[in-house]
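Keep in mind that what you see is a predicted model, and the values were worked out from it rather than measured.
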Amino acid sequence: MKEIQGEEASQTQPNSDNGVVQEVMKLQSVQHLLEPVLEPLIRRVVKEEVEVALRKHLNNMKRNGGKDVNSTSRSLQLQFLNNLSLPVFTGTRIEAEECSAIKVAIVDSLTGQIVSSGLESSAKVEVVVLEGDFDGDERDNWTLEEFKNNIVREREGKKPLLARDAFLTLTGGIGLVGEISFSDNSSWTRSRRFRLGARVVDGSDGTRVREAKTESFIVRDDRGELYKKHHPPSLSDEVWRLEKIGKDGAFHKRLSRENINCVKDFLTMLFIDPPRLRHILGTGMSAKMWEVTVEHARTCVLDKRMHLYCPPGSQQKSGVVFNIVGQVMGLLSECQYNTIDKLSETEKIEAQNLVISALQQWEEVVSFDDEASLTSSVKREISNGTKYLASQKIGGFDYAQPSASSPDIISTIYSVGGLSGLDDYALHGYDQALSYPGQVTNSLICDTDITQTFCDEDHLRYFDSDLQPQSLGLESQADLQTAVEGFLLQRTVAVQAQRRWTKVFSVLKWFSIKRRVKEKFRGLQI
């Protein structure tokens, strides 16, 4: 039995080896048959996949602003060089800030330099309107197709969205946008906003120049000049020119009832008493509206003039310095000027109260061209050993030293004998006050005790005629005012001013005494 099984196994082994050989031979024959067919197919599939991958890679490089592998090494782009002036209204010329023309330039995006030579520097550029929400990718890049797809066209039945000339030609790499304006507002677009875009339409030698775009903005219907808000407003503008305050609206009427009629009034109240201003506008103005209105008002351009107010009793050594709208700029303390940033909160409150007093007593306020002139005046007064605008004691009279046009001084001079001039009295070289026996206190009218001194003939020979304007060779009181103003305006240093005032008051005393003495003398003769 075992012998039979061994014989069967020996017969099965050769048969198994023959099967393997036959399988290998079959595979080789199939490979020889399929290889000419499969190899081109596989090559074609691989080639297509590689080409697709390369195209995607090249597109990504272009989107990221990389260099084109088949073109120039420079990467060029258009750029708006200035910002638009806002707000923008339909039918009104689109301008840049400070009412200047919009500038477009072609620049090298790698260096940031304007391309001022070559074919691209004289390219023709078109200005278009873009959707307000067109931002590109996360790196603010976009393809040419994306730019085209975001161009906004006019609504059906409407005029072209950009009126007038939307084309310009670069010169030396820079061009100015001409007279263009919007014919429609932006409220009907998906973002309710527009952007301006610029693209090269000729002169790029086949190389793509990346387009430019501005920041987004709102275009409103033109309400006419009579209703426009001013940016920035001026002090003399009516208060409804401010944002959120409509002409003849509720806020406008409330402000008018409180005599807040112009932007200057609004700003003055804002700096003097902001809670009251907020109360005047009422709860109808929300916190957000209040912020917008105040922010707009603060953009008003103020002049550099400074105003100084010294309260009574300060002897002109201390006071508050403020601008035209009552904003505290600093404090003058013992002839030392300290700016607002150096003041404590208590000092700021004190300064604010002084400004309120100054506005109520404006005739006591002194004005300067700017802060530099204020500080230099203070330093000059300190170096001269005097007090700023200080009262000085001259010839027994304690008087303030106001301006030449001060009504108090002029009226005082007019009250003495109807004088019309001082030129006929030789005061040149006269440095000392005329001295008279007796005591003169608080008046230009001489005391009766002093008259006896002038009763002798030596003095009376100077008073032998009536004191009339014609006897003095003066034609009118206007001559006196002119003479005195000219005299007062010749102020130099404190000593010279003292001498001039001494002369003036000595002459005035002389003629004041003349009347009293002459009347007394005539009484004695009778």
Side-chain angles (χ1 to χ4, degrees), residues 82-83 85-87 95-100 225 228-245 247 251-252 255-256 258-278 280-281 285 289-311 319-333 337-343 345 347-378 388-389 403:
N82 44 11
N83 297 322
S85 176
L86 302 177
E95 297 177 325
E97 293 175 341
E98 299 180 356
C99 299
S100 59
E225 182 64 31
K228 284 184 181 177
K229 307 297 183 182
H230 290 171
H231 294 267
S234 65
L235 290 175
S236 60
D237 279 343
E238 294 184 82
V239 71
W240 55 262
R241 296 284 187 183
L242 297 177
E243 293 289 348
K244 306 303 179 183
I245 301 177
K247 185 177 181 181
F251 299 142
H252 184 201
L255 293 171
S256 297
E258 300 294 330
N259 290 323
I260 301 175
N261 300 311
C262 62
V263 175
K264 179 184 176 182
D265 298 335
F266 185 93
L267 284 171
T268 301
M269 182 62 70
L270 178 65
F271 288 115
I272 295 300
D273 196 351
R276 183 188 171 197
L277 179 60
R278 188 70 181 90
I280 291 172
L281 291 170
M285 175 171 278
M289 294 171 66
W290 165 258
E291 292 176 4
V292 172
T293 304
V294 169
E295 185 66 25
H296 186 203
R298 288 179 182 273
T299 62
C300 182
V301 179
L302 308 178
D303 59 30
K304 296 181 180 180
R305 291 184 65 82
M306 308 282 280
H307 306 281
L308 171 64
Y309 170 71
C310 298
V320 63
V321 179
F322 57 97
N323 62 15
I324 190 62
V325 293
Q327 182 181 13
V328 175
M329 308 303 292
L331 271 180
L332 186 67
S333 178
Y337 177 61
N338 298 311
T339 56
I340 183 75
D341 56 306
K342 297 179 182 178
L343 303 181
E345 290 302 318
E347 289 174 325
K348 290 179 181 179
I349 296 174
E350 176 189 353
Q352 198 69 59
N353 293 331
L354 286 176
V355 171
I356 296 174
S357 299
L359 296 177
Q360 295 171 349
Q361 305 176 57
W362 190 256
E363 66 278 1
E364 302 295 333
V365 175
V366 182
S367 299
F368 298 88
D369 291 335
D370 50 33
E371 185 174 348
S373 63
L374 168 67
T375 54
S376 63
S377 296
V378 172
Y388 187 77
L389 291 177
S403 65

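Rounding to the nearest 0.5 Å places CG of Leu255 at 5.0 Å from CD1 of Ile245. If you take CZ on Phe266 and CG on Asp237, they are separated by 13.0 Å, rounding to the nearest 0.5 Å. Interatomic distance, CG of Asn259 versus CE of Met269, reported as 9.0 Å (0.5 Å rounding). Within the model, atoms OH of Tyr309 and CZ of Phe322 stand 9.5 Å from one another, a figure rounded to the nearest 0.5 Å. Taken to the nearest 0.5 Å, the CZ atom of Phe251 stands 12.5 Å off from the CG atom of Leu242. Going from atom CD1 of Ile280 over to atom CD of Glu258 covers 4.0 Å, rounded to the nearest 0.5 Å.
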Begin with the C-alpha distance, continue with both residues' side-chain angles, and end with the deciding distance and a verdict on side-chain contact (heavy atoms from CB on, under 4.5 Å) for Thr339 and Glu371.
CA-CA 10 Å; Thr339 56; Glu371 185 174 348; 3.6 Å; yes

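Taking a cutoff of 4.0 Å between a charged side-chain nitrogen and a carboxylate oxygen, Asp369 and Arg305 qualify as a salt bridge. Using a cut-off of 4.0 Å between Lys/Arg side-chain N and Asp/Glu carboxylate O, Lys348 and Glu345 are scored as salt-bridged. Between Glu347 and Lys342 there is no salt bridge, since no side-chain nitrogen of the basic residue lies less than 4.0 Å from a carboxylate oxygen of the acidic one.
No hydrogens or angles considered: nothing links the side chains of His252 and Glu238 as a donor-acceptor pair under 3.5 Å. Asp265 and Thr268 share no side-chain donor-acceptor pair at under 3.5 Å.
For the pair Asn323/His307, no side-chain contact is recorded, criterion being any heavy-atom separation below 4.5 Å from C-beta on. A 4.5 Å side-chain heavy-atom check between Leu354 and Pro311 finds at least one atom pair inside the cut-off. Val321 has its side chain out of reach of Leu331: every pair of non-hydrogen atoms, C-beta onward, lies at least 4.5 Å apart. Val320 has its side chain out of reach of Leu332: every pair of non-hydrogen atoms, C-beta onward, lies at least 4.5 Å apart. A 4.5 Å side-chain heavy-atom check between Leu235 and Val325 finds at least one atom pair inside the cut-off.
Taking each heavy atom of Pro87 and His231 in turn, the nearest pair found is CD-CD2, 3.2 Å. Closest non-hydrogen pair, Pro233 versus Val263, comes out as CB-CG2, 4.2 Å. For the pair Ser234 and Cys300, the tightest heavy-atom approach, listed with the atom from each and the gap, is C-SG, 3.7 Å. Annotation for Thr299 and Pro232: closest pair O-CB, 3.3 Å, computed over non-hydrogen atoms. The shortest heavy-atom contact between Ala351 and Val328 is CB-CG1, 3.7 Å.
The neighbour count for Gln361 CD, taken as heavy atoms of other residues, nucleotides or ligands under 6.0 Å away, is above 12.
Without hydrogens or angle criteria, Ser373 side chain to Phe368 main chain gives no donor-acceptor distance under 3.5 Å. Arg278 places a side-chain N or O within 3.5 Å of a backbone atom of Met285 that can act as its donor or acceptor partner.
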